[in-house]
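Data block below; observations after.
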Protein chains: 2
Amino acid sequence: MLSHKTKYALKALLFLAEKDTGYIARTMEIADGASIPKKFLEQILLDLKRAHFVGSKQGKFGGYYLIKSKNDITLADIHRLFDGAIALLPCASLNFYEPCSDCVSETECALRHGLVAIREETLKAMQGITIASLIKK
Amino acid sequence: MLSHKTKYALKALLFLAEKDTGYIARTMEIADGASIPKKFLEQILLDLKRAHFVGSKQGKFGGYYLIKSKNDITLADIHRLFDGAIALLPCASLNFYEPCSDCVSETECALRHGLVAIREETLKAMQGITIASLIKK
DNA sequence: ATTAATTCTATAAAAATAGTAGAATTTAAA
DNA sequence: TTTAAATTCTACTATTTTTATAGAATTAAT
């Protein structure tokens, strides 16, 4: 399941993607438009900025705007940024790999092989969902 | 990500599935064999019993055994039992559907359509992973 | 200067997760 | 009939994660 943070991030990105290029949206505007608690959204937008999905303009008349193409922002990207691994266990993850503490032999682990297969399929599907593709429907 | 509970359940089922039919495994035996905290495993086995994946024999020389074919126990089943919905949001779930509290119009929600597509793909993949298929590799 | 915005750090409340404790019950066998 | 060894059941607890909120500092336009 997605955390609220990931859901809110996606909603905020969808909001920004529907504005004209050059338009700068205040946090308050996004919060109202996408039904997100404003103070929570502040943190999320900062994270999206640090990860270079959005840019910001400070001071009066400042706000946020997309800097990455809506075709290049995928569900997988946002999931990884806020919720971490796509895989069902860290030992089956590409970007968040960690061995299991209770694992005797990873190469012989019956579970891991199946979870790697799942991760490959889920990742492909999640990389196919972009902010642009979500808007189109 | 899978909770420890789901991971332990899968490991316990794999342990049971590799025993001969008729064999009854004590909780302690499964805990040791699959590196699972014994008291935690007790709860998990009870849940698996209530969901009719395993049977139990009480009293001395009692224990647990599979009652469902290892070909008919899928990753999707165990995920749903312990971790709930396969879908990324409740509004995109088949078995755990709930509307979003912050949703204005579900049919117009850009996010939901994408998440339903992801759920369909993930579910198909997870239904393809069975206890039997995990053992084979 | 004033206003209105982002930015930053810290804190807090609530929920979920992971695990433990201990008594009650059941069954087999001595 | 007693004992031993197992499941079953209820409750509790500690930790971590999630979901925010508070408030001061900084930035920039007017």
Side-chain angles (χ1 to χ4, degrees), chain A residues 1-12 16 23-32 34-65 67 79 81-85 88-90 96 98 100-102, chain B residues 1-12 16 23-32 34-65 67 79 81-85 88-90 96 98 100-102:
Chain A
M1 297 276 283
L2 299 183
S3 66
H4 283 201
K5 219 166 186 175
T6 298
K7 181 174 83 168
Y8 291 158
L10 291 165
K11 287 174 74 173
L16 291 177
Y23 185 84
I24 292 178
R26 281 167 299 127
T27 303
M28 195 60 192
E29 196 181 340
I30 307 172
D32 285 351
S35 304
I36 304 169
K38 194 219 169 193
K39 279 301 226 176
F40 200 16
L41 178 59
E42 280 182 14
Q43 293 183 345
I44 293 165
L45 288 168
L46 270 176
D47 286 337
L48 286 171
K49 189 199 166 191
R50 295 192 184 108
H52 305 104
F53 291 103
V54 304
S56 74
K57 183 171 182 301
Q58 282 191 320
K60 200 171 182 179
F61 303 118
Y64 292 92
Y65 49 91
I67 55 170
H79 188 285
L81 181 59
F82 293 102
D83 283 347
L88 290 173
L89 284 183
F96 297 85
E98 266 186 68
C100 288
S101 60
D102 57 323
Chain B
M1 297 274 284
L2 300 184
S3 65
H4 282 200
K5 221 167 183 171
T6 298
K7 181 175 83 169
Y8 292 158
L10 290 166
K11 287 174 73 174
L16 291 178
Y23 185 83
I24 292 178
R26 281 167 300 129
T27 303
M28 194 60 192
E29 194 182 340
I30 306 172
D32 285 350
S35 305
I36 304 168
K38 194 218 166 195
K39 278 301 230 177
F40 200 15
L41 179 59
E42 279 181 15
Q43 292 184 346
I44 293 165
L45 288 168
L46 270 176
D47 286 338
L48 286 171
K49 188 200 165 189
R50 294 193 184 107
H52 305 104
F53 291 103
V54 303
S56 74
K57 183 171 184 298
Q58 282 191 321
K60 197 169 183 180
F61 302 118
Y64 291 93
Y65 48 90
I67 56 170
H79 187 286
L81 181 59
F82 293 101
D83 283 347
L88 290 173
L89 285 182
F96 297 85
E98 267 186 68
C100 288
S101 61
D102 59 322

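Chain letters run A, B, ... following the sequence lines, proteins first and then strands; every chain starts at 1.
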Tell me, please, which residues at least two apart from A:D47 pass salt bridge (charged side-chain N to carboxylate O under 4.0 Å, His left out). A:R50
What pairs of nitrogen or oxygen atoms, one from the protein and one from nucleotides 16-21 of chain D, lie under 3.5 Å apart?
residue	atom	partner	partner atom	Å
D:dT19	OP1	A:H4	N	3.4
D:dT19	OP2	A:H4	N	3.2
D:dA20	OP2	A:H4	ND1	3.0
D:dA20	OP2	A:Y8	OH	3.1
D:dT21	O4	A:Q43	NE2	2.8

Hits for side chain to side chain donor-acceptor pair (under 3.5 Å) against A:Q58, two or more places apart or cross-chain, chain-then-number order -> none
State which residues pass salt bridge (charged side-chain N to carboxylate O under 4.0 Å, His left out) with A:K39; sequence neighbours excluded, sorted by chain then number. A:E42
Could you list by number each residue of residues 49-58 of chain A showing a heavy-atom separation from DNA chain D of less than 4.0 Å, or answer none if no residue does? A:K57, A:Q58
With sequence neighbours excluded, residues passing side chain to side chain donor-acceptor pair (under 3.5 Å) with B:D102: A:K7, A:K11
Please enumerate all residues that pass side chain to side chain donor-acceptor pair (under 3.5 Å) together with A:T6, with sequence neighbours excluded. A:S3, A:D83
Set of ring pair (Phe, Tyr, Trp, His ring centres under 6.0 Å) partners for A:Y8, sequence neighbours left out: A:H4, A:F40
For A:Y65, side chain to side chain donor-acceptor pair (under 3.5 Å) partners two or more places apart: none
What contact category does A:G59 fall into here, base, sugar-phosphate, or nothing, at under 4.0 angstrom with non-hydrogen atoms? base
So the contacted stretch of DNA chain C, first to last nucleotide with an atom under 4.0 Å from a non-hydrogen atom of chain B, runs from C:dA18 to C:dA29
Under the side chain to side chain contact (heavy atoms under 4.5 Å, CB included) test, which residues partner B:F96, sequence neighbours left out? B:R80, B:A85, B:S93
Rounding to 10 degrees, work out the angle separating the end axes of the helix from C:dA1-D:dT30 to C:dA30-D:dT1 (five pairs an end). 0°
